[in-house]
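Atoms considered below: every heavy atom in the structure, side chains included; atoms not considered: hydrogens, waters and symmetry mates.
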Amino acid sequence: MMLLLETPRLRLRPFAPDDVARVQELAGDARVADTTLNLSLPYPDGAAEGWIETHAELAEQGTHYVWAISDKVSGELTESISMSVVQKHSRGTLGYWLGVPFWNKGFMTEATGAVMDWGFDTLNLHRIEAACYTRNPGSYRVMEKCGMRCEGLFRDHYRKNDRFEDLYQYAILRTDRK
C-alpha cells in the first residue's frame, strides 16, 4: 500500500534510513519526549534505526502505518504521525510527535486531517481515536480542530518517568465527518 499523502504545505511519506539522525535530534528533545506517550529520555542511540526498520512490515500486515512529515518546499523533516489499526473493530488510533521548531504552525493539524481522511477513505474505518496527556493542550487542540470529540478523562492512566498521568481520550466517527 502506497503511503504518500500531501497537504498544501506538507508531504507525508515513509521514513527512510537518511532520516535517522533527524529523528534522533527531534525525538530526543526533552520537550518533545515529555509530552509524548511513547518517547523516552534519553532517546537511546540506535532507537531511530530500529523503529524505522519495523514500519514496512507493520504496514504490510495492515496493523500500523507511520509517516515522516516534511515541509513540501524545503523537504525538511518536521514530525511523525502514525495510525495503529484494528480491522476487526474498524478502528484506528493516532499517535504523533512534532519537533519543537515546528510547534504552533498548524503542521500537525494539517497532517492529522490528511491521515484521518486516508483512514476513513482508504481503510474504510468507522472510528479514529487518539489520547494525550491532559497537560498537553497543543495535542488536544489538534484533535479538536480535526473534528474529534473528547470522550473522557482517564485518571492516572499512564505511567511516564515514574509519574502517573491523566489522559484525555478523543475520537471521531465516520458519521461525524462533515
Spell out, as yes or no, whether a donor-acceptor pair under 3.5 Å connects the side chain of Asn161 to the backbone of Arg163.
-> no
Identify whether Leu98 and Ile52 are in the same connected component of the hydrophobic contact network (ILVMFWY, side-chain heavy atoms under 4.5 Å).
-> yes
Atom CG of Leu167 and atom CG of Leu153: how far apart are they, to the nearest 0.5 Å?
-> 8.5 Å
Step by step, work out the side chain to side chain contact (heavy atoms under 4.5 Å, CB included) result for Leu173 and Glu129.
-> CA-CA 9 Å; Leu173 304 178; Glu129 60 191 28; over 6 Å; no
For Leu94 and Tyr170, run side chain to side chain contact (heavy atoms under 4.5 Å, CB included): C-alpha distance rounded to whole Å, both residues' side-chain angles, the deciding distance at 0.1 Å, then the answer.
-> CA-CA 10 Å; Leu94 294 173; Tyr170 278 76; over 6 Å; no
Are Leu10 and Leu12 close enough that some pair of their side-chain heavy atoms sits under 4.5 Å apart?
-> yes
In terms of side-chain geometry, is the basic nitrogen of Arg11 or Glu6 positioned less than 4.0 Å from the acidic oxygen of its partner?
-> yes
Gap separating the CG atom of Leu26 from the OG atom of Ser80, nearest 0.5 angstrom | 10.0 Å
Just how far is it from atom CD of Glu49 to atom OG1 of Thr54, taken to the nearest 0.5 Å?
-> 12.0 Å
Just by modelled atom types, is the Thr7 backbone N or O under 3.5 Å from a matching donor or acceptor in the Lys72 side chain?
-> yes
If you draw a 6.0 Å radius around CD in Glu60, do more than 12 non-hydrogen atoms from other residues or ligands fall strictly inside?
-> no
Using atom types as modelled and distance alone, determine if a side-chain donor or acceptor of Thr78 lies under 3.5 Å from a backbone N or O of Ile69.
-> yes
Under 3.5 Å, side chain of Ser90 to main-chain N/O of His126, donor-acceptor pair present?
-> yes
Please assess Leu5 against Arg13 for the test side chain to side chain contact (heavy atoms under 4.5 Å, CB included), listing each intermediate value before the final yes or no.
-> CA-CA 7 Å; Leu5 304 173; Arg13 60 169 175 78; over 6 Å; no
Can you tell me how far the SG atom of Cys150 sits from the CE atom of Met143, to the nearest 0.5 Å?
-> 9.0 Å
Over all atoms of both residues, closest heavy-atom pair of Gly46 and Gln24 = N-OE1, 4.3 Å
Heavy-atom nearest pair, Met116 first then Ile172, reads CE-CG2, 3.5 Å
For atom CG of Asn104, is the number of surrounding heavy atoms from other residues, nucleotides or ligands below 6.0 Å larger than 12?
-> no
Pair Asp176-Arg127, salt bridge (charged side-chain N to carboxylate O under 4.0 Å, His left out): steps then yes or no = CA-CA 10 Å; Asp176 294 335; Arg127 173 187 171 91; over 6 Å; no
Trp103-Val23 co-clustered via ILVMFWY side chain contacts under 4.5 Å | yes
Is the backbone N or O of Thr134 less than 3.5 Å from a side-chain atom of Asp166, with the two atoms forming a donor-acceptor pair by type?
-> no
Is the side chain of Asp117 donor-acceptor paired with the backbone N or O of Ala114 at a distance under 3.5 Å, no angle test?
-> no
Do Arg22 and Glu79 sit within salt-bridge range, that is, some charged N less than 4.0 Å from a carboxylate O?
-> no
In terms of hydrophobic clustering (I, L, V, M, F, W, Y; side-chain heavy atoms under 4.5 Å; direct or indirect links), are Val20 and Trp97 co-clustered?
-> yes
Nearest heavy-atom pair of Ser139 and Cys132: which atoms, and what distance?
-> OG-CB, 3.4 Å
For Ser84 and His64 the tightest heavy-atom approach is OG-ND1, 2.6 Å
Without swapping roles, check the side chain of Glu76 against the backbone of Ser70 for a donor-acceptor pair under 3.5 Å.
-> no
For Arg135, does the CZ atom sit with more than 12 other heavy atoms under 6.0 Å from it, leaving out its own atoms?
-> yes
Exam field: side chain Trp67 to backbone Leu3, donor-acceptor pair closer than 3.5 Å | yes
Hey, what do you get for CD (Glu53) to NE2 (His55), rounding to the nearest 0.5 Å?
-> 10.0 Å
Distance, nearest 0.5 Å, that separates CE of Met108 from SG of Cys146 | 10.0 Å
Search all heavy atoms of Asp71 against all heavy atoms of Phe107 and return the closest pair with its distance.
-> OD2-CZ, 4.4 Å
Can you see which heavy atom on Asn38 is nearest to which on Tyr158, and at what distance?
-> OD1-OH, 3.0 Å
Main-chain N/O of Leu39 paired with Thr36 side-chain donor or acceptor, under 3.5 Å | no
Begin from the C-alpha positions of Val142 and Tyr96 and carry the test side chain to side chain contact (heavy atoms under 4.5 Å, CB included) through to its verdict.
-> CA-CA 11 Å; Val142 165; Tyr96 48 77; 3.7 Å; yes
Reference residue Val85; test side-chain contact (heavy atoms from CB on, under 4.5 Å); the match among Leu58, Leu125, Ile128 | Leu125
Compute the ring centroids of Phe15 and Trp51, then answer whether they are less than 6.0 Å apart.
-> yes
Would you call the rings of Tyr140 and Tyr168 parallel, tilted or perpendicular if under 30° counts as parallel and over 60° as perpendicular?
-> perpendicular
